[in-house]
Amino acid sequence: YGGEAAALAWVGDEHGVANFVKVLARRRPFAATLHFLEPFDPVRVGDRKAIAATARERIDAAMRALQ
């Protein structure tokens with residue numbers, strides 16, 4: 001979200017619905033850049049926790065590459 005990241009980011013224990021409402025309730029527009037990562041086969045990764053960990057690792061790596 002660029003300069004708006006602190007106001008829009010979903011961090012900590014905030015519930016997803018609360019963040020969704022916060023973002024939609026904004027009165028002024030904001031720019032968002034989306035990056036699509038290569039898909040992976042969740043069947044090869046394992047259970048839901050392994051899938052979430054793999055997704056998190058891939059997002060972290062992509063974010064580090066952008067910095």
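Count residues from 1 along the sequence.
- For A52, the side-chain contact (heavy atoms from CB on, under 4.5 Å) partners two or more places apart in sequence, or in a different chain, are R56.
- Distance alone, capped at 3.5 Å, is enough to place a donor-acceptor pair between the N19 side chain and the L8 backbone.
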Please tabulate, one pair per line, all N/O donor-acceptor pairs under 3.5 Å involving side-chain atoms of residues 60-67, not counting sequence neighbours.
none

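- Interatomic distance, CG of D41 versus OG1 of T54, reported as 11.0 Å (0.5 Å rounding).
- Judged as a salt bridge (Lys or Arg N to Asp or Glu O under 4.0 Å), and not counting sequence neighbours, the contacts of R28 are E4.
- For CZ of F20, the number of neighbouring non-hydrogen atoms (other residues, nucleotides, ligands) closer than 6.0 Å is 12 at most.
- With sequence neighbours excluded, no residue forms a salt bridge (Lys or Arg N to Asp or Glu O under 4.0 Å) with D13.
- In this structure R48 satisfies the salt bridge (Lys or Arg N to Asp or Glu O under 4.0 Å) test with no other residue, sequence neighbours excluded.
- What you find for G46 and I51 is that their closest heavy atoms are O-CD1, 3.6 Å.
- Applying the 4.5 Å side-chain rule to ILVMFWY residues, one finds that V43 remains a lone member of its cluster.
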